[in-house]
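In what follows, a structure is listed as structure tokens, so that the remarks can point back to it.
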Amino acid sequence: MTVYAYLRVSTDAQDTENQRIGVNNKALALGLTIDKYIIDDGVSGTKEPEKRALGGILRKLKAGDIIICSEISRLGRKLFMVMEILQKCMNCGAKLYTVKDNYELGDNIQSKCLAFAFGLSAEIERDLISQRTKEAMARRRACGLHTGRKPGAKNFHRKLDGKAPIIQKLLSDGISRRQIAKKLKVAPTTVNTFVNNL
């Protein structure tokens, strides 16, 4: 049996440390020891699991394994994505515990109902946020205000111009992208985009 802690933050303002504390406390309450921490740092929940560190867990899951995460929305922001992840856990006999929701999801009808309900809630929340953002942008445009990137703002190429060797060295030394961003005084998303385009 392997116990995985899955942590995901999608913005600069969020911090994996808060999630880590909650997950550690949950494991302690369950009498479990976490074997591996899997972290998706600065990654959106709309991104397919296979393109996140989460995909690595799902490929290796076996009967008796356990995943502990902060809440069900950390797995994904789309209903069918969450359902697919939970289905993989159920099919191989793995369990999923959430900290904030306080759920244990396994291969039973109650878990399937809960997975559907919370997955749907996460998708509705995402759609509402998206709709509010679009409405706010439309209001700004109607008032003649600027939308999008600030005039003169640097793109990730200009911000990190000539820093590719430094970034590659730090990555090879096991430094996280978030820590690299702090060292270079840029946003983690800037480092993510730069690395993905190397």
Side-chain angles (χ1 to χ4, degrees), residues 2-24 34-61 65 67-78 80-82 84-85 88 96 99 122-123 125-127 129-130 132-134 136-137 140-141 145-198:
T2 304
V3 180
Y4 298 96
Y6 177 63
L7 315 174
R8 180 183 68 79
V9 291
S10 55
T11 67
D12 302 349
Q14 294 174 322
D15 186 1
T16 54
E17 195 55 35
N18 292 332
Q19 290 183 41
R20 186 187 293 268
I21 292 167
V23 166
N24 286 344
I34 294 170
D35 299 303
K36 293 182 182 177
Y37 289 88
I38 309 298
I39 302 171
D40 275 318
D41 197 350
V43 180
S44 169
T46 59
K47 194 171 186 178
E48 291 300 320
E50 294 76 18
K51 296 178 181 177
R52 294 188 259 149
L54 176 61
I57 303 177
L58 298 176
R59 284 190 294 272
K60 294 186 280 188
L61 272 184
D65 285 353
I67 300 174
I68 305 175
C69 65
S70 177
E71 55 191 305
I72 206 144
S73 65
R74 296 299 90 202
L75 299 176
R77 288 286 187 175
K78 295 181 181 178
F80 291 112
M81 183 189 296
V82 173
E84 184 181 343
I85 292 167
K88 286 181 181 177
L96 172 73
V99 177
E123 183 169 8
E125 180 187 3
R126 180 184 62 83
D127 288 343
I129 291 170
S130 176
R132 285 196 295 268
T133 301
K134 288 175 184 175
M137 296 289 279
R140 286 183 65 82
R141 282 192 291 269
L145 299 172
H146 178 76
T147 60
R149 185 187 293 273
K150 292 179 182 177
K154 294 180 179 179
N155 64 25
F156 69 89
H157 284 298
R158 289 178 61 199
K159 286 181 179 177
L160 297 175
D161 189 35
K163 301 249 185 346
I166 296 169
I167 292 171
Q168 288 172 328
K169 173 69 168 62
L170 291 170
L171 287 170
S172 67
D173 290 342
I175 307 299
S176 75
R177 293 182 183 188
R178 184 173 287 273
Q179 290 171 313
I180 292 171
K182 284 182 181 176
K183 284 178 182 290
L184 300 179
K185 297 181 181 175
V186 296
T189 50
T190 300
V191 174
N192 281 336
T193 306
F194 187 80
V195 171
N196 291 340
N197 283 272
L198 282 177

pair Lys47-Arg8: side-chain heavy atoms closer than 4.5 Å: no
side-chain contact (heavy atoms from CB on, under 4.5 Å) against Gln179, all qualifying residues, sequence neighbours excluded: Ile175, Ser176
Nearest heavy-atom neighbours spanning Val23 and Leu7: CG2-CD2, 3.9 Å
Residue pair Leu54 / Ile57, side-chain heavy-atom distance below 4.5 Å: yes
Note, Gln19 side chain near Val9 side chain (heavy atom, < 4.5 Å): yes
Closest non-hydrogen atom pair, Arg178 against Gly42: NH2-N, 4.3 Å
Residues forming a side-chain contact (heavy atoms from CB on, under 4.5 Å) with Val186, sequence neighbours excluded: Lys159, Leu160, Ala181, Leu184, Thr190, Val191
Non-neighbouring partners of Lys169 that pass side-chain contact (heavy atoms from CB on, under 4.5 Å), sequence neighbours left out: Ser172, Asp173
Any residue meeting side chain to side chain donor-acceptor pair (under 3.5 Å) with Glu48, in chain and number order, not counting sequence neighbours: none
For Asn24, all residues meeting side-chain contact (heavy atoms from CB on, under 4.5 Å), sequence neighbours excluded: Arg20, Ile34, Tyr37
Closest non-hydrogen atom pair between Arg52 and Met81, with its separation: NH2-SD, 3.3 Å
Tyr6: which of Ile39, Ile68, Leu96, Ile67 passes side chain to side chain contact (heavy atoms under 4.5 Å, CB included): Ile67
For the student: nearest non-hydrogen atoms of Ala53 and Asp40, plus distance: N-OD1, 2.7 Å
Pairing residues for Glu50 by the side chain to side chain donor-acceptor pair (under 3.5 Å) criterion, not counting sequence neighbours: Lys88
